[in-house]
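What follows is a set of notes on a single structure, which appears directly below.
Throughout, protein chains are lettered first and strands after them, A, B, ... in sequence-line order, and every chain is numbered starting at 1.
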Amino acid sequence: MKEIRVRFAPSPTGPLHIGGVRTALYNYLFARKHHGKFLLRIEDTDQTRFVPGAEEYIIESLKWCGIQFDEGVHIGGPYAPYRQSDRKELYHQYALQLLNNGTAYYAFDTPEELEALRKDSESRKETFQYGPLTRKGLKNSLVLSGEDVEALLQSGEHYVIRVKIPENETIVVQDLIRGRVSVESMLLDDKVLYKSDGMPTYHLANVVDDYLMKISHVIRGEEWLPSAPLHVLLYRYFGWEADMPEFAHLPLLLKPDGNGKLSKRDGDRLGFPVFPLRWTDPKSGEVSSGYRESGYLPEAFINMLALLGWNPGTEQEVFSIEELIQAFSIERVGKSGSKFDPEKAKWFNHHYMSGLDDREVSILLGNILKEREIEVSPDFLLSVSAIIKDRAVLIPDLWEQSHYFFVAPVSWDEKVIQKFWKPETPALLQKLSEILANTEDFTVENIDTVVKTYINDNGLGMGQIMNTLRLALVGGSFGPGVSAMISLLGKNETLNRIDKAIANLGS
RNA sequence: GGUCCGUUCGUCUAACGGUUAGGACGCCAGGUUUUCAUCCUGGUAAUAGGGGUUCGAUUCCCCUACGGACUACCA
């Protein structure tokens, strides 16, 4: 059986958005599942759209996601180079091959001439097509004499090389997801294969490179489906039909509301990241948020993404990357586009956060404390982590849910004061404080008993004490159980905070 | 406009001719927690419309509607 080789082939025109990450993920899962190879090829044949830093961004993003390559622009491999601009010389000979076998031709029409033709067609509510029907009336080597063509080439006239689409043929693409897709050749354009700047277009470069790199399956976005027949045709023109990869065109990721392809704008508008990592546009300086910086765990991010367009056919939906590899199959990728749901992304992250063990949580929280220059003992950090981890959806929530363990309150929630802080409160807390001062056993269970006994013995209401005690401890109406907090804070800190609250709030 | 692709709860989706159309997110209600979350239990909610084919259509075919992608010397 042929070795499975797939590629992810982005162009470095900006940050990779989550649709691109998903395409990379599916390629990766497919490769691993079949013990094949996964490679990263950079498609930078359009020099005008090059964005500095984009290539590095793509590599770092996928690394963060845990998607690993076997070959690629950043690690090399047997089919190097993996950057198309570094393969520039290669493409010309392949364009010549098609020229020589009559399946491509030189065209000398200027962009301005073509633009005029398009405008003209448009005014008659038609679409201009450079194809089987019109190419005979244009400026190309199909109509010009050999000498004229030669003269034009010699004179340094700008030219492009176009594919010669056959006139009456049904071209069939077999797609692993969509089945048989066919299109009439007359409707296809004589697409440019080789540009006047000496670079190939995507169509030429991707076919040549996929062939040379022995790609077995092309798994890419649905936006490529309309040009897939052209690619099939090119394999035939090159005589590579026997080695043509299989195609799978993935459905699109749609915006959460309304319809249409998910875009950067949607993230800004609806307040969720569209990119794996934060991106700063080198030109405008505009910053787009990323999943990493927003505090998502890569495992959760990937799990969420994997299920957007694919499902295992079982009711399992929490998958480690290894489980995804085991379960993945192209056949179970859906046909229709998926709307991205930021709420579900959060659910996944919360699920993964609470699945972390205390030690792992303490590392995450420890990093936050380090940034804030707060030092605590590892034991205390671990205990706090354990008690708050279920309360955090995103990593920064770890701090939101625990800061009061590290920093004593300096202000107290006005609403809670209004509601619970009564004239007798200071005396009641003072008395409880004295009892706690004489308590040696600060385990949660014992504190619980001590506090409740105090309440019962004095005929007080639970709410009366618990709410004010909580207020004294953390400054508001939040946090884990009161007894648990007292136990963690320890005797000194607890007594200090009660004293401080009484002193500040008085009666 | 043309070509191609698509259409099951609000969302992600299962059911590859026979199910009370299943699960998850969200939402709602109850329980736990006398804070708030978590968690647990329950509930809400869908086959776009119309024709066929068939004993029987979510499932197969056709039409309509709607949506999307593509339509550059961009990828």
Side-chain angles (χ1 to χ4, degrees), chain A residues 9-13 43-46 48-49 84 107 109-111 114-115 118 121-122 125-130 158-162 173 175 177-178 181-184 186-189 191-203 205-206 220-229 249 251-252 254 256-261 304 307-318 331-332 334-348 350 353-354 388-393 397 401 413 416 420 461-467 470-471 474 476-482:
Chain A
S11 64
T13 53
E43 310 227 327
D44 57 346
T45 53
D46 184 356
T48 64
R49 293 213 304 159
Q84 287 182 330
D109 320 82
T110 66
L114 292 174
E115 188 51 40
R118 265 189 276 272
S121 296
E122 206 177 308
K125 281 165 71 174
E126 286 167 17
T127 308
F128 172 70
Q129 184 199 27
Y130 203 126
H158 276 220
Y159 68 89
V160 299
I161 298 172
R162 289 181 179 270
V173 179
D175 188 276
I177 293 170
R178 286 151 217 285
V181 176
S182 68
V183 64
E184 294 305 316
M186 290 302 268
L187 275 359
L188 262 29
D189 286 350
K191 288 283 186 212
V192 170
L193 299 179
Y194 195 81
K195 299 183 276 185
S196 61
D197 66 357
M199 278 289 211
T201 61
Y202 171 84
H203 305 295
N206 106 84
R220 87 240 277 199
E222 190 183 352
E223 66 268 27
W224 293 110
L225 194 52
S227 55
H249 289 93
L252 265 16
L254 275 18
D257 61 338
N259 296 299
K261 200 157 76 158
M304 176 274 298
L307 257 25
L308 230 45
W310 169 85
N311 79 83
T314 65
E315 281 176 1
Q316 182 180 356
E317 60 181 343
V318 175
E331 290 70 31
R332 292 209 63 91
K335 292 177 174 43
S336 51
S338 310
K339 284 186 186 172
F340 177 72
D341 181 1
E343 286 306 316
K344 191 116 187 198
K346 283 185 191 163
W347 178 83
F348 269 110
H350 177 255
M353 289 283 278
S354 46
I388 57 135
K389 74 173 175 183
D390 282 347
R391 312 174 81 84
V393 173
D397 297 338
Q401 297 294 341
D413 189 324
V416 182
F420 296 106
M462 278 284 220
Q464 211 176 350
I465 295 302
M466 288 302 194
N467 288 301
R470 174 181 294 282
L471 180 69
V474 304
S477 171
F478 47 81
V482 168

Rounded distance (nearest 0.5 Å) linking atom CG of A:Leu471 with atom CZ of A:Phe478: 9.0 Å
Identify all pairs in which a protein N or O lies below 3.5 Å from an N or O of nucleotides 44-50 of chain B, and state each distance.
none

Whole angstroms only, please: what is the CG-P distance between A:Leu188 and B:U3? 13 Å
Separation of A:Asn311 CG from A:Gln316 CD (nearest 0.5 Å): 11.5 Å
Spacing of the P atoms in B:G10 and B:G1 (rounded, Å): 29 Å
To the nearest angstrom, how far is A:Asp257 atom CG from B:G67 atom C1'? 14 Å
Among B:U38, B:G26, B:G22, the nucleotide that comes nearest once only the side chain of A:Glu343 is considered: B:G26
Integer-rounded Å distance: B:U38 P and A:Lys346 NZ: 13 Å
Name the residue closer to the 5' end of RNA chain B, choosing between A:Lys125 and A:Ser477 according to the nucleotide with the nearest heavy atom. A:Lys125
Any-strand Watson-Crick or G-U partner of B:C9, both distances under 3.5 Å: none
Spacing between A:Leu471 atom CG and B:C36 atom C1', to the nearest angstrom: 14 Å
Report the base-pairing partner of B:C4 (Watson-Crick or G-U wobble, both distances below 3.5 angstrom), or none. B:G68
For B:A29, give its Watson-Crick or G-U wobble partner with both distances under 3.5 Å, or none. B:U41
In whole Å, measure the gap between the P atoms of B:U38 and B:U33 for me. 16 Å
Partner nucleotide of B:A46 by Watson-Crick or wobble geometry (both distances under 3.5 Å): none
So, for A:Phe340 and A:Ala345, which heavy atoms are closest and what is the spacing to 0.1 Å? CZ-CB, 4.2 Å
Short N/O separations, protein against nucleotides 5-15 of chain B, under 3.5 angstrom:
unit_1: B:C5; atom_1: O2'; unit_2: A:Arg178; atom_2: NH1; d: 2.5
unit_1: B:C5; atom_1: O2'; unit_2: A:Glu222; atom_2: OE2; d: 3.2
unit_1: B:C12; atom_1: OP1; unit_2: A:Lys339; atom_2: N; d: 2.8
unit_1: B:C12; atom_1: O3'; unit_2: A:Ser338; atom_2: OG; d: 3.4
unit_1: B:C12; atom_1: O2'; unit_2: A:Leu307; atom_2: O; d: 3.1
unit_1: B:U13; atom_1: OP1; unit_2: A:Gly309; atom_2: N; d: 2.8
unit_1: B:U13; atom_1: OP1; unit_2: A:Ser338; atom_2: OG; d: 2.5
unit_1: B:U13; atom_1: O3'; unit_2: A:Asn311; atom_2: ND2; d: 2.8
unit_1: B:A14; atom_1: OP1; unit_2: A:Asn311; atom_2: ND2; d: 2.6
unit_1: B:A14; atom_1: O3'; unit_2: A:Arg332; atom_2: NH2; d: 3.4
unit_1: B:A15; atom_1: OP1; unit_2: A:Arg332; atom_2: NH2; d: 3.4

Please name all residues satisfying side chain to side chain donor-acceptor pair (under 3.5 Å) with A:Asp46, sequence neighbours left out, ordered by chain then number. A:Thr48
Nearest heavy-atom contact between A:Leu193 and A:His203 is CD2-CB, 4.3 Å
What N/O pairs connect the protein and nucleotides 70-74 of chain B at under 3.5 Å? Give each pair on its own line.
unit_1: B:C73; atom_1: OP2; unit_2: A:Arg162; atom_2: NH2; d: 3.4
unit_1: B:C73; atom_1: O2; unit_2: A:Ser196; atom_2: N; d: 2.8
unit_1: B:C73; atom_1: O2; unit_2: A:Ser196; atom_2: OG; d: 2.7
unit_1: B:C73; atom_1: N3; unit_2: A:Ser196; atom_2: OG; d: 3.0
unit_1: B:C73; atom_1: N4; unit_2: A:Asp109; atom_2: O; d: 3.4
unit_1: B:C74; atom_1: OP2; unit_2: A:Lys195; atom_2: NZ; d: 3.4
unit_1: B:C74; atom_1: O2'; unit_2: A:Asp46; atom_2: OD2; d: 3.0
unit_1: B:C74; atom_1: O2'; unit_2: A:Arg49; atom_2: NE; d: 3.2
unit_1: B:C74; atom_1: O2'; unit_2: A:Arg49; atom_2: NH2; d: 3.3
unit_1: B:C74; atom_1: O2; unit_2: A:Arg49; atom_2: NH1; d: 3.4
unit_1: B:C74; atom_1: O2; unit_2: A:Arg49; atom_2: NH2; d: 3.1

Calculate the interatomic distance between A:Tyr130 atom OH and B:U3 atom P; express it in whole Å. 23 Å
In Å and rounded to the nearest 0.5 Å, what is the CD to CD distance from A:Glu122 to A:Glu115? 8.5 Å
Quick check: does any side chain N or O of A:Arg332 sit under 3.5 Å from a backbone N or O of A:Trp310, one acting as donor and the other as acceptor? no
Of the listed nucleotides B:U35, B:A24, B:G23, the one nearest the side chain of A:Glu315: B:G23
Given B:U38, B:U35, B:A75, which nucleotide is nearest the side-chain atoms of A:Asp390? B:U38
I need the A:Lys389 NZ to A:Gln401 CD distance, nearest 0.5 Å. 14.5 Å
Look through every strand shown and name the nucleotide pairing with B:C60 as Watson-Crick or G-U wobble, where both distances are under 3.5 Å. B:G52
Using the P atom as the reference point in each nucleotide, state the distance between B:A65 and B:A75 in Å, no decimals. 36 Å
Quick one: salt bridge (Lys or Arg N to Asp or Glu O under 4.0 Å) partners of A:Asp413, sequence neighbours excluded? none
Expressed as a whole number of Å, how far does the P atom of B:U11 sit from that of B:U3? 29 Å
Can you measure A:Met466 atom CE to B:C36 atom C1' for me and round it to whole angstrom units? 15 Å
Base B:U38 paired with A:Arg391 side chain (donor-acceptor, <3.5 Å): no
So A:His203, base contact, sugar-phosphate only, or nothing? Heavy-atom distance under 4.0 Å. nothing
Taking the P atom of each, how far is B:G22 from B:G42, in whole Å? 14 Å
Identify the heavy atoms of A:Lys195 and A:Pro200 that sit nearest to each other, and give their distance. CE-O, 3.4 Å
Distance (rounded to the nearest 0.5 Å) between A:Arg178 CZ and A:Glu222 CD: 4.0 Å
Looking at A:Arg391 and A:Gly479, what are the two nearest heavy atoms and their distance? NH2-O, 3.2 Å
Mind checking A:Gly476 for me? I need base, sugar-phosphate or nothing, with any heavy atom below 4.0 Å counting as a touch. nothing
Inter-nucleotide C1' distance (B:C16, B:C60), Å rounded: 11 Å
B:U35 C1' sits how many Å from A:Gln464 CD, rounded? 16 Å
Report which part of the nucleic acid A:Pro251 touches: base, sugar-phosphate, or nothing (heavy-atom distance under 4.0 Å, all strands). nothing
What distance, rounded to whole Å, do you find between the two P atoms, one in B:G18 and one in B:C70? 37 Å
May I have the step-by-step check of side-chain contact (heavy atoms from CB on, under 4.5 Å) for A:Arg220 and A:Asn206, ending in yes or no? CA-CA 12 Å; A:Arg220 87 240 277 199; A:Asn206 106 84; 3.7 Å; yes
Taking the same atom, P, in B:C39 and in B:A24, what whole-Å distance lies between them? 13 Å
Applying a 3.5 Å limit to both distances, which nucleotide forms a Watson-Crick or G-U wobble pair with B:A21? none
By ring-ring contact (aromatic ring centres under 6.0 Å, His included) - contacts of A:His350 (at least two apart): none
For atom CE of A:Met353 and atom P of B:A37, their distance in whole Å: 18 Å
